[in-house]
Enquirer: 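Pasting a structure here, questions to come.
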Amino acid sequence: MLDPALLSALADLLPPSAIIATAEGTRPYECDGLPLFREQPLAVLLPEDEAQVVGILRLCHAARLPVVARGAGTGLSGGATPYRKGIVLSLAKFKRILSIDPLSCTAVVQPGVRNLAISEAAAVHRLYYAPDPSSQIACTIGGNVAENSGGVHCLKYGLTVHNVRRVRAVLIDGDVVEFGGEGLDAAGYDLLALINGSEGLLAVITEVTVKLTPNPQQATCVLASFSDAEKAGDAVAAIIGAGIIPAGLEMMDQLTIAAVEPFVHAGYPLDAAAILLCESDGTPDEVTDEVALMRSLLETSGATTIQVSQSEVQRLKFWSGRKAAFPAAGRISPDYYCIDGTIPRRSLAPVLKRIEALSREFGLRCMNVFHAGDGNLHPLILFDANVPDEIARTEAFGARILELCIEVGGTITGEHGVGLEKIDQMCTQFAAAELERFHAIKRAFDAEGLLNPGKAVPLLHRCAEMGRMHVHGGELPYPDLPRF
């Protein structure tokens with residue numbers, strides 16, 4: 001329960017409808033898109049403007065009350081999981097597109113604006129916002145910045161960090177700060193890159209200036225099927241090796257195809273062991289030449305069938321299956337757990353084989369769907385939470401996949417962030433000195449560790465308890481805050 005004096009101060013700042021403090025009212029906020037972790041906060045606050053955010057953070061800072069900022073809650077790493085002795089600060093009411101400048105190709109938006117809504121609003125100027133996560137119809141730009149989200153077109157057009165010019169935010173003590181600027185570059189250290197992917201540990205975002213991209217004159221998608229996943233992996237390497245950077249280069253395995261095709265009827269061949277979606281965009285001549293070269297490389301790599309989209313409707317249909325892969329998993333399994341790791345492209349085929357072996361070892365099916373062009377894997381482990389031990393086996397299976405990514409020279413995340421999900425694997429990937437530098441950055445922004453505590457960067461004692469490193473005494477960085 002919130003301290004009565006603090007609750008009274010919040011009531012002076014916010015209308016009654018913006019303060020949710022009952023167990024029933026806070027229940028919908030107990031997790032994000034990763035329901036394996038659930039906690040109910042003391043309260044949920046829904047400010048309407050930056051001044052209210054400033055007031056809330058000043059009150060929480062004075063009371064040493066932890067704060068977890070939340071957007072749409074579509075994240076998949078537990079980054080927005082509430083802190084049980086803190087509050088959730090929801091930016092759901094910050095949903096205005098403040099301005100669109102077609103000359104500078106930028107838009108200024110509040111953090112609660114949906115990703116897709118930016119492109120919809122910019123369409124009249126023949127512009128769009130390039131990063132397109134699968135959840136783009138629901139996910140919000142503030143969360144995209146916090147997690148440095150990507151999408152199927154990130155290979156050519158970059159992640160969120162490459163498409164954001166400026167971020168306005170509020171520090172835990174209520175100070176308003178800006179990272180970046182309206183121009184292509186800003187003076188001083190590149191703190192804009194630091195805030196992208198910071199998972200709410202450094203500041204609460206209140207406004208974002210994004211870069212808009214001109215609509216391509218033409219876009220064509222090539223759908224290629226293969227009799228085994230190794231050949232599909234070789235095709236990816238061949239395309240990138242030829243110097244082609246497709247607008248999108250995605251891969252799905254047979255189990256994913258079987259789940260998706262009856263769901264959206266995208267035209268995927270059900271007998272394929274794997275399919276690739278390769279998109280080319282640009283001028284008509286550029287697209288014609290690039291598609292011809294990709295088609296030749298796909299044939300040489302052993303593609304059994306190749307389809308080239310003949311219309312915008314068909315192109316979107318091809319992509320609809322990829323975008324619907326996650327919800328389609330719900331058709332064949334009561335629950336699924338989406339892993340996010342990144343590996344070198346040369347390791348695609350051997351890693352897929354290892355995941356298949358792990359699937360047999362843990363007795364759980366696994367759908368593989370991922371951004372093949374940049375090696376960002378999204379294995380979907382299928383399980384039933386009602387079956388004893390399946391949650392434990394699922395988490396162990398996921399941990400092994402992440403450790404496999406590190407083993408082959410990759411990393412434990414591509415675009416979903418660390419959150420709570422991968423915090424133990426941070427101990428595997430980073431040494432004690434590196435983790436301490438991460439904590440030093442955190443302390444520079446939030447000395448008392450009140451923003452999203454327990455997320456993204458593990459305490460060194462946690463790693464020591466796991467046996468991953470030895471820590472010589474010392475205090476916890478934030479000794480007054482209980483650990484998860």
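This structure is a prediction, so every number in the text was calculated from the model and none was measured.
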Enquirer: With sequence neighbours excluded, tell me which residues meet ring-ring contact (aromatic ring centres under 6.0 Å, His included) with H378.
Expert: H371, H416

Enquirer: Could you pull out the closest heavy-atom pair between G414 and D340, with the gap in Å?
Expert: N-OD2, 2.8 Å

Enquirer: Using residues 187-194 as the side-chain source, report each donor-acceptor pair under 3.5 Å to any protein atom, sequence neighbours left out, with the distance given to one decimal.
Expert:
{"from": "D190", "atom 1": "OD1", "to": "A193", "atom 2": "N", "distance (Å)": "3.3"}

Enquirer: Within the 3.5 Å criterion, strictly below it, is a donor on E39 or T81 matched to an acceptor on the partner's side chain?
Expert: no

Enquirer: Could you tell me which non-hydrogen atom of A122 sits nearest to which non-hydrogen atom of L212, and how far apart they are?
Expert: CB-CD1, 4.0 Å

Enquirer: Going by salt bridge (Lys or Arg N to Asp or Glu O under 4.0 Å), name the residues that satisfy it together with R27, two or more places apart in sequence or in a different chain.
Expert: E30

Enquirer: Which heavy atom in L10 sits nearest to a heavy atom in I56, and how many Å separate them?
Expert: CD2-CG1, 4.2 Å

Enquirer: Could you check whether any side-chain N or O of T413 sits under 3.5 Å from a backbone N or O of G417, counting only pairs where one atom can act as donor and the other as acceptor?
Expert: yes

Enquirer: For L202, is there any backbone N or O sitting under 3.5 Å from a side-chain donor or acceptor partner on D446?
Expert: no

Enquirer: For Q314, give me all partners under side-chain hydrogen bond (donor to acceptor under 3.5 Å, both in side chains), at least two apart in sequence or on another chain.
Expert: none

Enquirer: Decide if atom CD1 of I137 counts as having more than 12 heavy atoms of other residues, nucleotides or ligands within a radius under 6.0 Å.
Expert: no

Enquirer: With sequence neighbours excluded, tell me which residues meet ring-ring contact (aromatic ring centres under 6.0 Å, His included) with F370.
Expert: none

Enquirer: Is there side-chain contact between E286 and Q218, with heavy atoms separated by less than 4.5 Å?
Expert: no

Enquirer: Is there a donor-acceptor pair under 3.5 Å between the side chain of Q52 and the backbone N or O of E48?
Expert: yes

Enquirer: Looking at every non-hydrogen atom in both residues, tell me the closest pair between I87 and C60 and how far apart they are.
Expert: CD1-SG, 3.8 Å

Enquirer: Among L46, V204, T140, which residue satisfies the side chain to side chain contact (heavy atoms under 4.5 Å, CB included) criterion with L91?
Expert: V204

Enquirer: Answer yes or no: is there a donor N or O on one side and an acceptor on the other, between the side chain of N376 and the main chain of G341, under 3.5 Å?
Expert: yes

Enquirer: Can you check side-chain hydrogen bond (donor to acceptor under 3.5 Å, both in side chains) on S149 and E415, steps first, answer last?
Expert: CA-CA 5 Å; S149 304; E415 56 178 341; 5.9 Å; no

Enquirer: If only atom types and distance count, is the side chain of K442 paired as donor or acceptor with the main-chain N or O of L201 below 3.5 Å?
Expert: yes

Enquirer: Donor-acceptor check, side chain of R165 to backbone of T209, threshold 3.5 angstrom: yes or no?
Expert: no

Enquirer: Could you go through residues 94-102 and list every donor-acceptor pair under 3.5 Å that involves a side-chain atom there, pairing it with any protein atom two or more places apart or in another chain?
Expert:
{"from": "D101", "atom 1": "OD1", "to": "L103", "atom 2": "N", "distance (Å)": "2.9"}
{"from": "D101", "atom 1": "OD1", "to": "S104", "atom 2": "N", "distance (Å)": "3.3"}
{"from": "D101", "atom 1": "OD2", "to": "S104", "atom 2": "OG", "distance (Å)": "3.1"}

Enquirer: I need the minimum non-hydrogen distance between A229 and A274, along with the two atoms involved.
Expert: CA-CB, 4.0 Å

Enquirer: I need the full list of side chain to side chain donor-acceptor pair (under 3.5 Å) pairs touching residues 324-339, with sequence neighbours left out, sorted by first then second residue.
Expert: Y337-E421

Enquirer: Is a side-chain donor or acceptor of K455 paired with a backbone partner of G79 at a separation under 3.5 angstrom?
Expert: yes

Enquirer: Restricting to pairs with a member in residues 116-139, which pass ring-ring contact (aromatic ring centres under 6.0 Å, His included), not counting sequence neighbours?
Expert: none

Enquirer: Let me check something: any side-chain donor-acceptor pairs from residues 255-268 under 3.5 Å, sequence neighbours excluded? List them with distances.
Expert:
{"from": "T256", "atom 1": "OG1", "to": "D253", "atom 2": "OD1", "distance (Å)": "2.7"}
{"from": "T256", "atom 1": "OG1", "to": "N368", "atom 2": "N", "distance (Å)": "3.3"}
{"from": "T256", "atom 1": "OG1", "to": "N368", "atom 2": "O", "distance (Å)": "3.2"}
{"from": "E261", "atom 1": "OE1", "to": "A266", "atom 2": "N", "distance (Å)": "3.1"}
{"from": "E261", "atom 1": "OE1", "to": "G267", "atom 2": "N", "distance (Å)": "3.1"}
{"from": "E261", "atom 1": "OE1", "to": "Y268", "atom 2": "N", "distance (Å)": "2.9"}
{"from": "E261", "atom 1": "OE2", "to": "G267", "atom 2": "N", "distance (Å)": "3.2"}
{"from": "H265", "atom 1": "NE2", "to": "P262", "atom 2": "O", "distance (Å)": "3.4"}
{"from": "Y268", "atom 1": "OH", "to": "F318", "atom 2": "O", "distance (Å)": "2.4"}
{"from": "Y268", "atom 1": "OH", "to": "R322", "atom 2": "N", "distance (Å)": "3.1"}

Enquirer: Any ion pair linking R462 and D424 (charged N to carboxylate O, less than 4.0 Å)?
Expert: yes

Enquirer: Determine whether a donor-acceptor pair (N or O, by modelled atom type, separation under 3.5 Å) exists between the side chain of N163 and the backbone of L159.
Expert: yes

Enquirer: Hey, could you give me each pair passing ring-ring contact (aromatic ring centres under 6.0 Å, His included) that has a residue in residues 137-170? Not counting sequence neighbours.
Expert: H153-W319

Enquirer: Looking at R345 and D374, does any basic side-chain N land under 4.0 Å from a carboxylate oxygen?
Expert: no

Enquirer: Distance-only, no hydrogens or angles: does the R38 side chain make a donor-acceptor pair with backbone N or O of P35 under 3.5 Å?
Expert: yes

Enquirer: Kindly write out the residues that satisfy salt bridge (Lys or Arg N to Asp or Glu O under 4.0 Å) with R315, not counting sequence neighbours, or none if the list is empty.
Expert: E279, E312

Enquirer: Do V167 and V164 come close enough that some side-chain heavy atom pair is under 4.5 Å?
Expert: yes

Enquirer: Take D132 and N115, measure what side-chain hydrogen bond (donor to acceptor under 3.5 Å, both in side chains) needs, and give me the verdict at the end.
Expert: CA-CA 7 Å; D132 57 343; N115 176 291; over 6 Å; no

Enquirer: For Q136 and K323, run side-chain hydrogen bond (donor to acceptor under 3.5 Å, both in side chains): C-alpha distance rounded to whole Å, both residues' side-chain angles, the deciding distance at 0.1 Å, then the answer.
Expert: CA-CA 9 Å; Q136 68 178 149; K323 294 279 189 178; 3.2 Å; yes

Enquirer: Between C427 and C463, is the disulfide (SG to SG under 2.5 Å) condition met? List the steps.
Expert: CA-CA 5 Å; C427 300; C463 297; 2.0 Å; yes

Enquirer: Using modelled atom types and a 3.5 Å cut-off, is there a donor and acceptor pairing between side-chain atoms of K85 and backbone atoms of P41?
Expert: no

Enquirer: So does E448 pair up with R443, basic N to acidic O under 4.0 Å?
Expert: no

Enquirer: The criterion is salt bridge (Lys or Arg N to Asp or Glu O under 4.0 Å); which residues satisfy it with E207, sequence neighbours excluded?
Expert: R166

